[in-house]
Amino acid sequence: MYRLIYKSSSAVEVNWDMVRDILRKSTEHNVEAGITGVLLATEHHFMQVIEGSYEKVNETFMRIVKDQRHKDVWIVSFGAIDARIFHGWGMKGIGVFDINRDLEADLIRKYGEEDGGLRFPLEEWMALALIQDVQLIGGLPTWKAGQQGETDY
Ligand SMILES: Cc1cc2nc3c(=O)[nH]c(=O)nc-3n(C[C@H](O)[C@H](O)[C@H](O)COP(=O)(O)O)c2cc1C
């Protein structure tokens, strides 16, 4: 089992429709390929964790890099893991935009600022800490698709 984390810059300003479109397509493929993970989006950046077999993680990453909706795709980490963190999620999307300003300011204070929004880290431990922080915050828009169908909440 392997985990890859990358961050990228969006080609255009990110909105929720765009994230939903990406995830709808992605999840179809991910469920079939046994890929799990999470996608975080700010107005200008993405950060994604992909977990699965060596072959499928590589294949999926190649497809992602080619997508014109983003650029400057930088690998944060890639390596063998003992177990998945995101077990059960074909690909969960979390929008770190359109959030309460105080909350965003707190996250920016901790992780830094980039292009006027939250900066996604370039270190694996910090990326995982950020994901944990973001998941603990209630009320952020999330999107998840699975075998049971799509769930908006
Ligand atoms: C930010 C971002 C995240 C993506 N994540 C995934 C993913 O997890 N799995 C995947 O298969 N494709 C992912 N993609 C790629 C697109 O969904 C791509 O359009 C799709 O896989 C192409 O499928 P198709 O060749 O069947 O049209 C991502 C693209 C972007 C821009």
Side-chain angles (χ1 to χ4, degrees), residues 1-81 83-99 104 107-108 111-124 126-135 137 140-153:
M1 192 72 53
Y2 282 75
R3 180 185 305 126
L4 184 147
I5 305 179
Y6 76 83
K7 71 177 275 189
S8 64
S9 300
S10 180
V12 296
E13 198 166 302
V14 178
N15 58 48
W16 199 237
D17 283 345
M18 179 178 175
V19 176
R20 209 191 310 253
D21 272 359
I22 291 171
L23 290 174
R24 200 165 275 149
K25 248 291 172 52
S26 305
T27 308
E28 246 173 64
H29 165 261
N30 292 354
V31 169
E32 203 174 307
I35 295 283
T36 54
V38 65
L39 173 69
L40 265 58
T42 62
E43 267 172 23
H44 301 289
H45 296 273
F46 293 107
M47 183 170 83
Q48 190 172 20
V49 179
I50 309 163
E51 298 173 334
S53 71
Y54 184 86
E55 191 192 352
K56 295 296 183 189
V57 168
N58 273 283
E59 263 178 34
T60 305
F61 182 62
M62 289 306 154
R63 189 190 353 263
I64 292 171
V65 170
K66 284 187 207 136
D67 197 308
Q68 301 285 314
R69 286 172 288 192
H70 63 174
K71 57 190 177 171
D72 302 333
V73 181
W74 291 354
I75 292 174
V76 172
S77 64
F78 175 69
I81 53 170
R84 297 174 193 264
I85 300 180
F86 303 99
H87 187 79
W89 296 349
M91 188 56 61
K92 182 177 184 179
I94 305 179
V96 197
F97 48 86
D98 279 345
I99 61 171
E104 191 180 22
L107 288 170
I108 287 175
Y111 295 99
E113 182 176 343
E114 189 171 18
D115 298 332
L118 173 65
R119 171 185 173 269
F120 287 142
L122 286 172
E123 302 79 21
E124 181 181 39
M126 217 190 272
L128 293 173
L130 167 62
I131 291 165
Q132 194 158 10
D133 277 353
V134 164
Q135 289 194 98
I137 297 168
L140 289 187
T142 58
W143 191 93
K144 186 176 128 179
Q147 276 117 333
Q148 312 93 321
E150 296 171 13
T151 322
D152 279 295
Y153 52 98

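The shown structure was predicted, so the numbers you read here are calculated from the model rather than taken from an experiment. In listed order, ligands and their atoms are each counted from 1.
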Between NE2 on residue H29 and CZ on residue R63, distance to nearest 0.5 Å
3.5 Å

Please round to the nearest 0.5 Å and tell me the distance separating atom NE2 of H44 and atom CD of E114.
10.0 Å

Under 3.5 Å, N/O to N/O: give me all the pairs between ligand 1 and the protein, one per line with atom names and distance.
from: ligand 1; atom 1: 5 (N); to: S26; atom 2: OG; distance (Å): 3.4
from: ligand 1; atom 1: 5 (N); to: Q48; atom 2: OE1; distance (Å): 3.3
from: ligand 1; atom 1: 5 (N); to: Q48; atom 2: NE2; distance (Å): 3.1
from: ligand 1; atom 1: 8 (O); to: N30; atom 2: ND2; distance (Å): 3.0
from: ligand 1; atom 1: 8 (O); to: Q48; atom 2: NE2; distance (Å): 3.0
from: ligand 1; atom 1: 9 (N); to: N30; atom 2: OD1; distance (Å): 2.8
from: ligand 1; atom 1: 11 (O); to: H29; atom 2: ND1; distance (Å): 2.8
from: ligand 1; atom 1: 11 (O); to: R63; atom 2: NE; distance (Å): 3.1
from: ligand 1; atom 1: 17 (O); to: S26; atom 2: OG; distance (Å): 3.4
from: ligand 1; atom 1: 19 (O); to: D67; atom 2: OD2; distance (Å): 3.1
from: ligand 1; atom 1: 19 (O); to: R69; atom 2: NH2; distance (Å): 3.2
from: ligand 1; atom 1: 21 (O); to: R63; atom 2: NE; distance (Å): 3.4
from: ligand 1; atom 1: 27 (O); to: K25; atom 2: NZ; distance (Å): 3.1

Calculate, to the nearest 0.5 Å, the distance between atoms NE2 and CG belonging to H45 and L118 respectively.
9.5 Å

Atom pair CE (M18) and CZ (F46), whose distance is rounded to the nearest 0.5 Å:
4.0 Å

Hey, are the side chains of H87 and T36 touching, using non-hydrogen atoms and a 4.5 Å cut-off?
no

Mind checking the CD-CZ spacing from E51 to F86? Nearest 0.5 Å is all I need.
6.0 Å

